[in-house]
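All ligand and atom numbering here is 1-based and tracks the order in the structure. Please read these numbers as outputs of a predicted model, since none were measured by experiment. FYI, side chains are in, hydrogens and waters are out, and symmetry mates aren't considered; it's all heavy atoms of this structure.
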Amino acid sequence: MTLSSELFSQAKQYIPGGVNSPVRSFSGVGGTPVYFDRAAGAYVYDSEGKRYIDYVGSWGPMILGHAHPAVITAVKQTAEKGLSFGAPTEIETLMAQTVCELLPSIDMVRMVSSGTEATMSALRLARGYTGRDKIVKFEGCYHGHSDSLLVKAGSGALTLGVPSSPGVPASVAADTLTLTYNDSDAVRSTFAELGDKIACIIAEPVAGNMNCIPPEPGFLQTLRDVCDQYGSVLIFDEVMTGFRVGLQGAQGLYGIKPDLTTLGKIIGGGLPVGAFGGSRKIMEYLAPLGPVYQAGTLSGCPVAMAAGLKTLELINQPGFYDALTAKTTKLLAGLQASADQAGIAFTTNQVGGMFGLFFSNEKSVSRFSQVMACDANRFKQFFHAMLDKGVYLAPSAFEAGFVSAAHTDEDLQATVDAAAEVFKAL
Ligand SMILES: Cc1ncc(COP(=O)(O)O)c(CN[C@@H](CN)CCC(=O)O)c1O
């Protein structure tokens, strides 16, 4: 029995499923989750000291690499002054100002402590601002676990949602319409039918929770157009893509301006931070200024702000994203060549420093249905074989992968070499 197995057995006595977030349980790939003890740069080290090249990066935040010295120093120096006060601090204003300066669509921003809080709050704000109840989301997109967003498509495109989890009241799910990502026709026909009842669309501008699925040309523009035509709020959930695919997020990359943006992950630098922001006219509906209530004890925690601010400072350097994108491209080109060499049906997607791996015969994967048709068993075999070789990929075929600035050419080559051996043995 490995130390991780022992730790997992112990955890399962006290924590449901032994984890504080389901995907960590390896339920998507089988086997026992690896317990990590420490991390530095591109590497994570398990409880027995084994090193892995990490492509999860705490699900996106660790864009600089783990335990970046300047981030750790900023956290230590801020923590020594106290951890949180439940009162305003200057560093919160600095963070808000930085986010507003980096994302032109954001005039004002409110900090929260998770992506779930950010999207839940943005939905309430959009509903309060428009006075409407219905929302549109897309199948395969994940926006955290608030009730309105744990909803799957009803039997037909225009039928209302049904809960995707017990505990979500049918009455709540009924206000959520779930459409097919990248299906612009479905968006247009839904709005033609119900547009004046729809408070908002919430979309991942690059879907990173059904593996990595970029928007097809015109899709994001369609979302913008129907929201303009029917007076609905366009929410880009950039919890994952924000500062990951570019300094101005996916909205900057694709040139589509949302009304509200949700953020998380990178803006916390690895500590619990979420945020939602947008146009002043909408944000001023928020308490204490306006009638829409939203609050949080540790929102804007100074220590978390310090980690996030230092991270945003260090990614805002000339060439940072070109280098990150080039590394990711190099990794994927190597993986594809190895798979082709071994005759394995395999394809990849990439946007900036995030990527998706698909065991699929498709030349390119752009729809949820194509993701679902991938060879899940082959992914599981690949995942575990790579893990054995010291490469830590996302333990699910429905997650994106992430490269950091700390990954070296040697790390990328070692990953490709390991994959070449694994593909041959599949
Ligand atoms: C686009 C997007 N929006 C919202 C969320 C929810 O954020 P959190 O509440 O987990 O901080 C997420 C969370 N992402 C997952 C990874 N796919 C978190 C990992 C987990 O659930 O443990 C997200 O990707």
Within-cut-off N or O pair, [X] and ligand 1, under 3.5 Å:
| X | value |
| --- | --- |
| Asn209 | yes |
| Gly115 | yes |
| Trp59 | no |
| Lys265 | yes |

Taking C-beta and beyond as the side chain, do Lys197 and Arg132 meet within less than 4.5 Å on heavy atoms?
no
Quick one, Phe85 and Pro88 - any side-chain contact, counting heavy atoms below 4.5 Å?
no
Side chain, backbone, both or neither: which applies to Glu238 and ligand 1 if a contact is any heavy-atom pair less than 4.0 Å apart?
neither
Honestly, for Glu204 the part within reach of ligand 1 (heavy atoms, under 4.0 Å) is side chain
Name the closest protein heavy atom to [atom], giving the residue it belongs to and the distance to 0.1 Å.
| atom | answer |
| --- | --- |
| atom 5 (C) of ligand 1 | Gly144 N, 3.8 Å |
| atom 10 (O) of ligand 1 | Thr116 OG1, 4.6 Å |
| atom 4 (C) of ligand 1 | His143 C, 3.5 Å |
| atom 22 (O) of ligand 1 | Ser21 OG, 2.6 Å |
| atom 3 (N) of ligand 1 | Asp237 OD2, 2.7 Å |

Within ligand 1, which atoms have a heavy atom of Ser114 less than 4.0 Å away?
9 (O), 11 (O)
For atom 24 (O) of ligand 1, is some protein heavy-atom partner under 4.0 Å away?
yes
Judged by non-hydrogen atoms, does His145 sit under 4.0 Å from ligand 1?
no
Would you check if the side chain of [X] reaches a backbone N or O of [Y] as a donor-acceptor pair within less than 3.5 Å?
| X | Y | answer |
| --- | --- | --- |
| Asn182 | Glu216 | yes |
| Thr325 | Asp322 | no |
| His66 | Ala42 | no |

Do Asp225 and Gln221 pair up side chain to side chain, a donor and an acceptor below 3.5 Å, judged on atom types alone?
yes
